[in-house]
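Heads up, the thing below is written out as structure tokens.
Counting starts at 1 for both ligands and their atoms, in listed order.
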Amino acid sequence: MDKNEVLKILSEIKYPGFSRDIVSFGMVKDVKLAGKNIVVSLNISSEQEDKVNTVKQAVGTRLRASGKFDEIMVKVMEKPAQAQTASPADKDPWANRSELNNVKHVIAVASGKGGVGKSTVAANLALALQAQGQRVGLLDLDIYGPSLPIILGINERPDVSAEKKLIPLEKFGLRIMSFGFVSGSNAPAIWRGPMVAKMTEQFFNDVDWGDLDYLVLDLPPGTGDVQLTLVQKLKISGAIMVTTPQDIAVADVSKGADMFTKVEVPVLGVVENMSGLQLNGSVLNRDGETITAALELDGFGRVQTDDQGRFDLRYDLFKRGGGESESRRLGVPLLAEIPLSQALMQATDSGQPLLVSDPEAPVSRLYQSLAQQLQTKLEG
Ligand code: ADP
């Protein structure tokens with residue numbers, strides 16, 4: 001049996017909690033063969049001893065099962081020794097994540113599942129950062145359903161520069177690139193991991209972003225191989241998790257947040273979207289004049305209008321507090337609770353984002369506050 005055959009056997013072992021194998025993770029540092037004796041050296045950066053032991057045992061079991069070896073030794077490289085002798089690339093399994101030289105901060109917007117408003121959050125966050133004087137790029141990596149072309153009302157194709165780099169499209173002061181711009185409607189519905197990794201790398205390396213203060217990434221929903229590949233390809237300053245208030249969405253987002261933590265990307269905070277229904281209006285008498293009044297709403301209680309007859313109430317359609325409990329579990333702030341808003345939905349779906357069409361709207365203000373908090377966190 002040669003080294004490649006050994007690696008083939010080892011590549012059947014998945015790293016606990018991931019669907020990716022230990023070889024592609026770069027955890028198998030060395031394989032030494034001497035007749036029927038084998039020594040495998042593993043380099044696993046995890047602090048979790050049980051995971052390291054699980055992998056170590058699995059390697060032994062697989063090699064024994066092959067029936068090709070008499071003597072099997074599995075070594076796990078010790079941390080202190082590694083610190084003294086190893087190159088930086090060995091110390092940090094993610095050291096080969098590429099860094100975009102001209103981009104100060106990369107923020108990933110992620111969600112456990114689709115339809116929770118992740119792209120809406122990514123687009124409006126980018127616009128809010130831009131409105132606060134930052135140079136902002138927006139990269140839509142949601143290959144399965146790129147929605148930024150719709151949200152931002154873009155149906156052009158990007159040009160290619162003389163250096164053969166994709167030139168981001170400019171709209172509302174943002175530099176924007178999306179899988180949707182280049183893949184069109186003929187893109188295969190199911191992209192496989194390696195293809196995605198290749199396309200993603202191209203986006204990172206072959207887009208002429210210019211100088212940016214922030215690059216906001218709209219990740220595909222979920223926490224599978226695709227997301228893992230993405231977060232490994234690029235140095236990300238931090239991630240924002242978007243969830244709706246329901247338990248199921250929160251359970252999904254928890255998995256996503258744990259994925260970032262595992263690959264040492266800090267989770268900057270949680271955004272709860274579609275967080276209750278915000279109702280604003282006024283009470284009129286029969287002649288159409290505003291009156292001060294109290295509304296008695298079944299199952300909700302009493303709402304008093306102000307002097308001008310206006311009321312403002314939040315109705316929790318779903319269970320409340322999912323975002324808050326998740327942020328507490330992660331020990332990160334709840335950055336925003338964005339209500340269900342017809343104005344936001346209409347703006348989003350018509351390609352005129354609310355931050356542009358109505359920057360003073362209550363929901364726009366929430367986005368401005370979100371952008372402000374992130375700047376404070378990242379700029380210090
Ligand atoms: P995702 O990226 O998570 O799949 P999108 O951002 O594409 O989700 O949003 C899905 C739909 O929900 C869109 O039609 C969008 O306009 C709508 N939407 C998002 N956030 C809100 C909100 N707070 N209130 C009302 N509609 C929303």
Checklist entry - Which residue owns the protein heavy atom closest to atom 18 (N) of ligand 1, what's the atom, and how far is it? => result Met274 CE, 3.7 Å
Checklist entry - Without hydrogens or angle criteria, can the side chains of Gln375 and His105 be said to hold a donor-acceptor pair below 3.5 Å? => result no
Item to check | Closest non-hydrogen atom pair between Pro245 and Asn273, with its separation | outcome: CD-O, 3.6 Å
Next on the checklist: Students should be able to answer this: which protein heavy-atom is nearest to atom 19 (C) of ligand 1, and at what distance?
Outcome noted: Thr120 OG1, 3.5 Å
Checklist entry - In the protein, what heavy atom is nearest to atom 20 (N) of ligand 1, and what distance, to one decimal place, separates them? => result Asn273 ND2, 3.0 Å
Checklist entry - Looking only at distance, does Val116 have an N or O less than 3.5 Å from an N or O of ligand 1? => result yes
Checklist entry - Starting from atom 16 (O) of ligand 1, which protein heavy atom do you reach first, and at what distance in Å? => result Asp349 OD1, 2.9 Å
Checklist entry - Can you tell me if Lys75 uses its side chain to pair, donor with acceptor, with the backbone of Leu42 under 3.5 Å? => result no
Item to check | ligand 1 contact on Val121 by region, counting heavy-atom pairs under 4.0 Å | outcome: neither
Checklist entry - Hey, is Ser341 one of the residues with a heavy atom under 4.0 angstrom from ligand 1? => result yes
Checklist entry - Are any of the side-chain nitrogens in Asp21 or Lys14 under 4.0 Å away from the carboxylate oxygens of its partner? => result no
Checklist entry - Would you call Glu360 and Arg365 a salt bridge, using N to O less than 4.0 angstrom? => result yes
Next on the checklist: Check Asp30 with Lys32, please: is the shortest side-chain N to carboxylate O separation under 4.0 Å?
Outcome noted: yes
Checklist entry - For ligand 1, is there an N or O atom under 3.5 Å from any N or O atom of Gly117? => result yes
Item to check | Salt bridge Asp206-Lys164, side-chain N to carboxylate O under 4.0 Å | outcome: no
Checklist entry - Any protein heavy atom under 4.0 Å from atom 22 (C) of ligand 1? => result yes
Checklist entry - Starting from atom 7 (O) of ligand 1, which protein heavy atom do you reach first, and at what distance in Å? => result Ser147 OG, 3.8 Å
Checklist entry - Looking at Lys118, which atoms of ligand 1 are within less than 4.0 Å of one of its heavy atoms? => result 1 (P), 2 (O), 3 (O), 6 (O), 8 (O)
Checklist entry - Touching ligand 1 at all, Pro339? Heavy atoms, strictly under 4.0 Å? => result yes
Checklist entry - Does the pair Glu5/Lys8 count as a salt bridge with the N-to-O cut at 4.0 Å? => result no
Next on the checklist: With a 4.0 Å cut-off on heavy atoms, is Gly115 in contact with ligand 1?
Outcome noted: yes
Checklist entry - Does some side-chain heavy atom of Lys377 sit less than 4.5 Å from a side-chain heavy atom of Gln373? => result no
Checklist outcome for this item: Among non-hydrogen protein atoms, atom 26 (N) of ligand 1 lies closest to Met345 CB, 3.4 Å
